[in-house]
Amino acid sequence: MSRKKMKIVISIGGSILINDLSSERIKRYTDVIYEISKDNKVFIVVGGGHIARRYIKVAKDLGLNNSEADYIGIDLTRINAKLLISALPEESVYNDVALNFKDAKNFSTFKDIVVMGGTEPGHTTDAVGAILAEYVSADMFINATSVDGVYDKDPNRYKDAKKIDSLTTNDLMRIIGEAKMDAGLNMILDILAIKVIERSNIKTYIIDGRDPKNILRAVNGEEIGTRICL
Ligand code: UTP
């Protein structure tokens, strides 16, 4: 008897997908996503990457406020999402970028892969991933980033920084608590995402997404990256 399909939400940071933009790079991710979709329902949330941050900076230099600049970031995440859709086999993916959570859920009744970008100002696509995971009652939320997990201190600044295999939402809140929440700001997981993960006890992994195969490893239950628990 075949097992029930798991629902998996994967947030792919723009920094890993887009910063080194090429069709080959996008294909490496879509190959993995397609593989996962053979046995699961897959919801992908795509980030904005450095392109979004550059646009946001210029928009703010031109006088736009944070929310207005956020909308520019959101548009860019949706363009990235459209690129990802273009690289997937037509029969596997819903052809439109989902603009909100209800659409994403509806689209998933037609195809095994649904892709979206940002939704509203005031948070990043990490929060979109967490809310989507909550909304579709996902079995797993994977946050694929450009670091190999969460560290006890900034690994770029401290040589003795240690990677943490699992930590609570409270610990994570403390680590990132001091960061400001400006348009275009880059941090491990945004505060709204952590709150949503906490209130719905979402099984969450922060993994090194620079190698797309790590996403497959996480789906297959390998203990990689950092697991978030209550
Ligand atoms: P992200 O910060 O989610 O992109 O969105 P990112 O590239 O994934 O970040 P990395 O890769 O993890 O470093 C880019 C910007 O778009 C706006 C915010 O300004 C955000 O910083 N945005 C995105 C929103 O306002 N709302 C959203 O739902 C998503």
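Both ligands and their constituent atoms are indexed starting at 1 by order of listing. One is the number of the first residue; the rest follow in order along the sequence.
Using a 30° and 60° split on the angle between ring planes, F110 and Y94 fall in the tilted class, from 30° to 60°.
Polar contact with ligand 1: absent for I12 (N/O pair, distance under 3.5 Å). Inclusion of A69 in the set of residues having an N or O under 3.5 Å from an N or O of ligand 1 is not warranted. Considering backbone and side-chain N/O of G14, one or more are found under 3.5 Å from N/O of ligand 1. Below 3.5 Å of separation, one finds no N or O of T77 facing any N or O of ligand 1.
Between atom 4 (O) of ligand 1 and the options G122, A59, G48, G129, the minimum heavy-atom separation is to G48. Of the candidates I16, I56, I72, T124, I56 brings a heavy atom nearest to atom 15 (C) of ligand 1.
At a heavy-atom cutoff of 4.0 Å, ligand 1 is contacted by the side chain of V128 but not by its backbone. Residue-level proximity to ligand 1 for H123 is carried by backbone and side chain together, each with a heavy atom below 4.0 angstrom. Neither the backbone nor the side chain of I18 comes within contact range of ligand 1; no heavy atom lies under 4.0 Å.
Judged by distance alone, the side chains of D190 and T124 do bring a donor and an acceptor atom under 3.5 Å apart.
Checking I16, V150, I206 one by one against T145, the side-chain contact (heavy atoms from CB on, under 4.5 Å) holds for a single residue, I206. Among I33, I36, L132, the single residue meeting the side-chain contact (heavy atoms from CB on, under 4.5 Å) criterion with I44 is I33.
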Worksheet item: Does the pair V115 and V93 meet the rule for a side chain to side chain contact (heavy atoms under 4.5 Å, CB included), with working shown?
Response: CA-CA 8 Å; V115 186; V93 65; 4.1 Å; yes
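By the 6.0 Å contact criterion, CD on E91 is enclosed, its count of non-hydrogen atoms from other residues, nucleotides or ligands being greater than 12.
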